[in-house]
Amino acid sequence: MTVLSLRNLVVVVLLAGLLLLPIYAQVAGSPFLLTLFTRIVILAIAATSLNLIMGYGGMVSFGHAVYLGIGSYAVGICAFEGVESGFVQWPLAIAASALFALVIGALSLRTRGVYFIMITLAFAQMAYYVAIGLDRYGGDDGMILEARSRFAGLINLNDKTAFYYLCLALLFATIFLVWRLVNSRFGMVIQGARSNERRMRAIGFPVYRYRLVCFVIAGTICGLAGALLANFTDFVSPAAMHWTRSGDLIIMVVLGGMASPFGPLIGAVALLALEEALSGITEYWQIILGPMLLLIVLFARGGIDGILARLRHA
Amino acid sequence: MPEPILLVEQLSKRFGGIVATDQLSLAIPPGELHAIIGPNGAGKTTLIGQLTGELWPNGGRIIFNGDDVTTLPVHRRSALGLARSFQITSLFLDFTALDNVALAVQAHAGHSFRFWKPVRAERALRDPAMAAIERVGLADRANILVSRLSHGEHRQLEIAMALATRPRMLLLDEPMAGMGPEESARMVETLRELKKELTILLIEHDMEAVFALADRISVLVYGRVIACDTPENIRQNAEVRRAYLGEQQVATRHG
Ligand SMILES: Nc1ncnc2c1ncn2[C@@H]1O[C@H](COP(=O)(O)OP(=O)(O)OP(=O)(O)O)[C@@H](O)[C@H]1O
Ligand SMILES: [Mg+2]
């Protein structure tokens with residue numbers, strides 16, 4: 001009989017908890033919980049997509065939130081211009097993110113290391129300032145989403161529970177997709193390029209084009225998370241793609257565990273729940289959170305998931 | 001002499017003021033095991049770098065199998081059948097030995113834009129990879145993380161990686177570097193087997209191995225070929241003895 005390892009146990013409990021959360025929130029009479037966890041789930045999708053390029057591919061993008069922004073602006077602008085169908089809005093959000101990722105990736109993937117980090121950051125900041133300049137769509141202040149995306153009666157996004165389950169289903173789908181991807185031929189190339197790019201070339205791989213496709217896939221998934229985010233907040237603003245948001249996504253991935261399928265989800269839950277809990281205790285919560293993150297990053301390479309994996313013998 | 005599989009003409013490479021390759025010409029017929037010897041810093045690794053495409057020469061031509069490959073990117077040369085091993089072990093440390101070699105097989109099994117099927121279940125990749133691992137004698141270590149393997153095993157895996165790309169020609173940069181006498185002897189046996197099917201360019205400091213394996217030997221000093229002949233004649237060559245064999249200690253700048 002296989003023993004359920006501590007790590008698997010945590011994942012199972014986490015997934016079960018996420019599935020049952022709306023029921024608990026109802027019973028406990030705290031709708032706030034549902035709101036918090038909808039946010040967590042949406043950002044976990046974004047973090048999972050970042051994990052694909054950063055954790056598995058070694059491409060540390062410091063501008064990944066740009067696709068959150070592009071996805072949400074696609075929904076926001078559509079709604080503002082009178083197109084409220086999600087069947088138009090969401091594919092547009094996805095396509096726009098893919099296109100941006102293609103352009104950003106094509107240029108930034110020619111560089112390595114710190115240069116790559118800086119260029120992805122620069123592109124994101126550029127998009128941020130462009131969004132601020134969009135006076136028609138609220139500029140600096142952003143704009144309120146008058147109505148959530150409509151799906152011809154198939155699902156009502158105004159129903160908080162239904163919306164939560166939609167986000168959760170998309171998160172599970174994303175995790176599954178990334179997991180299949182990294183264990184495919186394509187995934188081996190991506191991980192090989194992270195591990196030893198020189199050898200990859202020597203054995204005959206044109207590394208750049210595989211990295212670029214990977215970069216586009218990640219951006220596309222994150223764009224979908226952006227479309228969800230706009231619907232969740234009923235609001236679209238440049239803040240969605242601010243560099244601190246990109247930083248949050250990196251922290252989630254590193255905290256939860258890079259190159260681990262459930263790492264980004266664990267990281268998103270840990271970071272946002274901690275933020276919430278600490279900010280309830282003291283207004284100086286950042287002073288506590290900062291050093292905690294630092295300790296985990298310094299002493300637990302592999303993040304929380306890494307700790308759990310090592311504890312299996314305990 | 002038959003049409004050479006590798007033809008190098010007037011190759012030159014400078015690093016600032018250093019002339020690492022100096023008007024170097026070389027013709028290797030198919031099936032030959034051609035050794036290149038020379039003191040540290042003679043430009044042996046630099047030559048391999050230019051042959052594989054990691055470095056571009058400042059002048060000269062490289063013809064492989066009739067194609068001018070002088071400016072072809074690294075992966076295209078690999079596709080044409082040119083494979084190398086590295087002097088300083090260069091592997092995927094966080095993969096198992098089998099995953100390493102299977103990736104090399106995969107590089108030559110069509111494109112890798114295949115996103116769904118579990119790669120570790122693909123017999124078409126695993127079987128040839130396992131065969132290459134067996135050839136270098138690592139079969140019982142196939143499923144161990146490369147970072148846990150010994151130095152000698154890394155050197156063997158270097159060869160398996162190159163083999164797995166099903167090359168026409170192997171460029172081996174000091175395959176025995178840092179090996180003990182026993183491991184070296186095994187490597188000589190492996191190379192003796194490979195020699196039957198492949199053209200090999202062998203760079204090696206281990207003279208015993210070189211004289212045991214080589215059909216012809218080129219002696220490289222300061223980027224220039226000062227002699228190219230059979231092992232017996234190289235042994236007799238006075239200039240070679242002066243420049244290298246007899247005075248290896250003097251000619252060695254480091255290491
Ligand atoms: N990238 C580089 N930049 C500058 N100089 C270099 C570079 N690579 C090699 N050289 C120089 O070129 C010369 C030839 O170096 P190379 O590594 O080809 O020698 P080698 O024959 O392989 O030596 P060894 O036996 O130590 O491996 C040396 O003087 C070296 O310092
Ligand atoms: Mg060398």
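Proteins get letters first, then strands, A, B, ... in listed order; numbering begins at 1 in each.
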| field | Within 6.0 Å of CG in A:Leu14, more than 12 heavy atoms from elsewhere | value | yes
| CZ (B:Phe95) with more than 12 external heavy atoms under 6.0 Å | yes
Please state whether the side chain, the backbone, both or neither of [X] comes within less than 4.5 Å of a heavy atom of chain A.
| X | result |
| --- | --- |
| B:Phe92 | both |
| B:Ala104 | both |
| B:Leu91 | both |
| B:Leu93 | backbone |
| B:Ala164 | neither |

| How far does CD1 of B:Ile18 sit from OG1 of B:Thr46, to the nearest 0.5 angstrom? | 9.0 Å
| said: Just to verify, which of A:Leu271, A:Leu265, A:Leu68, A:Val269 counts as forming a side-chain contact (heavy atoms from CB on, under 4.5 Å) with A:Leu43? | reply: A:Leu68
| message | Looking at every heavy atom in both B:Leu24 and B:Val8, which two are closest together, and how far apart are they? | response | O-CG1, 3.5 Å
| remark: Nearest heavy-atom approach of A:Ala93 to A:Gly223 is CB-O, 4.3 Å
So which N and O atoms of chain B and chain A form donor-acceptor pairs under 3.5 Å?
residue	atom	partner	partner atom	Å
B:Glu54	OE1	A:Arg198	NE	3.1
B:Glu54	OE1	A:Arg198	NH2	2.9
B:Glu54	OE2	A:Arg198	NE	2.8
B:Ser78	OG	A:Ile203	O	3.2
B:Ser78	OG	A:Gly204	N	3.4
B:Ser90	O	A:Arg199	NE	2.7
B:Ser90	O	A:Arg199	NH2	3.4
B:Ser90	OG	A:Asn196	ND2	2.8
B:Leu91	O	A:Asn196	ND2	3.1
B:Asp94	OD1	A:Ser195	OG	2.9
B:Asp94	OD2	A:Arg194	NH2	3.1
B:Gln106	NE2	A:Arg185	O	3.0
B:His108	NE2	A:Ile203	O	2.9
B:Ala109	O	A:Arg185	NH1	2.9
B:Ser112	N	A:Tyr210	OH	2.9
B:Ser112	O	A:Phe186	N	3.4
B:Arg114	O	A:Ser184	OG	3.1
B:Arg114	O	A:Phe186	N	3.1
B:Phe115	O	A:Ser184	OG	3.4
B:Trp116	O	A:Arg180	NE	3.1
B:Trp116	O	A:Arg180	NH2	3.0
B:Val119	N	A:Asn183	O	2.7
B:Arg120	NH1	A:Asn183	OD1	3.3
B:Glu122	OE1	A:Arg185	NE	3.2
B:Glu122	OE1	A:Arg185	NH2	2.6
B:Glu122	OE2	A:Arg185	NE	3.0
B:Glu158	OE1	A:Arg199	NH2	2.4
B:Glu158	OE2	A:Arg199	NH2	2.8

| Pairing of B:Glu197 and B:Arg135 as salt bridge, 4.0 angstrom limit | yes
| request: With the side chain counted from C-beta on, respond yes when A:Phe215 and A:Leu52 share a heavy-atom pair under 4.5 Å apart, and no when they do not. | output: no
